[in-house]
Structures are given as structure tokens and as C-alpha cells.
Amino acid sequence: GESVGLHLPTLSVQEGDNSIINCAYSNSASDYFIWYKQESGKGPQFIIDIRSNMDKRQGQRVTVLLNKTVKHLSLQIAATQPGDSAVYFCAERRTGFQKLVFGTGTRLLVSP
Amino acid sequence: EAEVAQSPRYKITEKSQAVAFWCDPISGHATLYWYRQILGQGPELLVQFQDESVVDDSQLPKDRFSAERLKGVDSTLKIQPAELGDSAMYLCASSSSLGPYEQYFGPGTRLTVT
């Protein structure tokens, strides 16, 4: 069946380091992917998205990489800050649908 | 910046009682979603509306859950009767029908059933 999963449940980094959060997806019919950040007690916050016709997209301090060959998605955060500490979810959307399928999340802990 | 509004933020109820959550999406967003998020997991879609119509409620436990969006704007999700296993965060999200379809989430309602 469909699944979106993450390789690492918790990632601990030092302030200033670069962080990489990984995600594997299984549905080759997915055409759109989103990364969300969720802080404790809050709803998920949109970070960055990427369409399946792209393999890289950059935002402010964040980059998303998509490897459709191995069905792998990653979120890179440059110069990680304590405010980046949160749970990060990837989500996928199948072609023709608006429904998002979320993974279980990776907790990012940033130490000062 | 426009936001999705939800109320209440927290709700404690006893099992077998009825409970209701309210959501007001971003103005102009035709698509509205209700998700349930169990602690430590990603959100799971319960129901999706396009304007006032339900387009996906395949994961909604219809024996106890109901959702409506009568005028195609705000929405209410109801649980009756609540069960212990319903304790979770209930998230509302909205998106534009015109693309690129990213969903914007509200702060959620944390439900505890005792």
C-alpha cells in the first residue's frame, strides 16, 4: 500500500551545522511533495514543496531534493538554529488527488 | 497574513459525551480538510470538502463522526459518542482550488477523552 516514511526518528545537531532530514515514499504515482515543520502544540507549518518534474528546489536556508529513481526526498537546512527544533514531516500527493499522505515525522533537536 | 482559525484549542470530555470542533479556513479557499493526528504520528485525513460538498470521507468513522460545511465556508466536525481512542489533535487545513494546492493548517484542537 501507500506509505511515506522517514529513516531517522530523531536528529540531533549543533547550532550552525547543516541538517539533512530524509524521507522515503513508495507511491510512484505521486507528483507533489511537501515538507512541513510542526512545533509542539501547533499545527504543521508549510516549509517548501517540490513537483515531480523537478529534482531540486531552494528556499531560504532550506533545500529539498527529490530522487524519483529511488523514491527518496530530503530536506536540507543550512546553518541550523535553535528555532529550527521541531518535528518535520514529509507528505506526498498522488496525481489527480489533493489528499496528502504524511509520514510519521523526524524530530530535529538543535543544541546551542 | 491570513490564517486558518480553529476553536476550541483544548477540549476535555468524558467518554460517551458529544464534542464539536469548529474551523474557519483562509478566505477564498474552496477546499477544506479535517485531519486527526495521534501523538508522534503524522496527520491522517478524515474528510475533505470542496466548497460545501464532501469529496473524500473514506477514513471518517461514520458511526460516530460527522462533518459539515453548510455554506462552503466554515466547518464543524462532531464526535458522538466520544471514545477514549479519540484522544488526539484535530487539525483543520485549507487550500486554494487554483493550485499549487499547498495546504495551510490551523493550530488544532487537542481533545482528551477521559
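The chains referred to below are lettered A, B, ... by the order of the sequence lines, with proteins before strands, and numbering in each begins at 1.
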Stepwise, does the salt bridge (charged side-chain N to carboxylate O under 4.0 Å, His left out) test hold for B:E52 with B:K71? CA-CA 6 Å; B:E52 66 276 8; B:K71 297 182 179 180; over 6 Å; no
Should A:I20 and A:L65 be counted in the same cluster of Ile, Leu, Val, Met, Phe, Trp and Tyr side chains packed under 4.5 Å apart? no
Tell me, for A:Q45 versus chain B, whether the close heavy atoms (under 4.5 Å) come from the side chain, the backbone, both or neither. neither
Determine the interplanar angle of the A:F33 and A:Y25 rings, folded into 0 to 90°, and report it as parallel if under 30°, tilted if 30 to 60°, perpendicular if over 60°. tilted
Tell me which of these, A:G43, A:G41, A:P44, has more heavy-atom pairs under 4.5 Å with chain B than the rest. A:P44
B:Q37, part contacting chain A, at a heavy-atom distance under 4.5 Å: side chain
Exactly one of B:Q48, B:Q59, B:E44, B:Q103 clears side-chain hydrogen bond (donor to acceptor under 3.5 Å, both in side chains) with B:Y35, and that residue is B:Q103
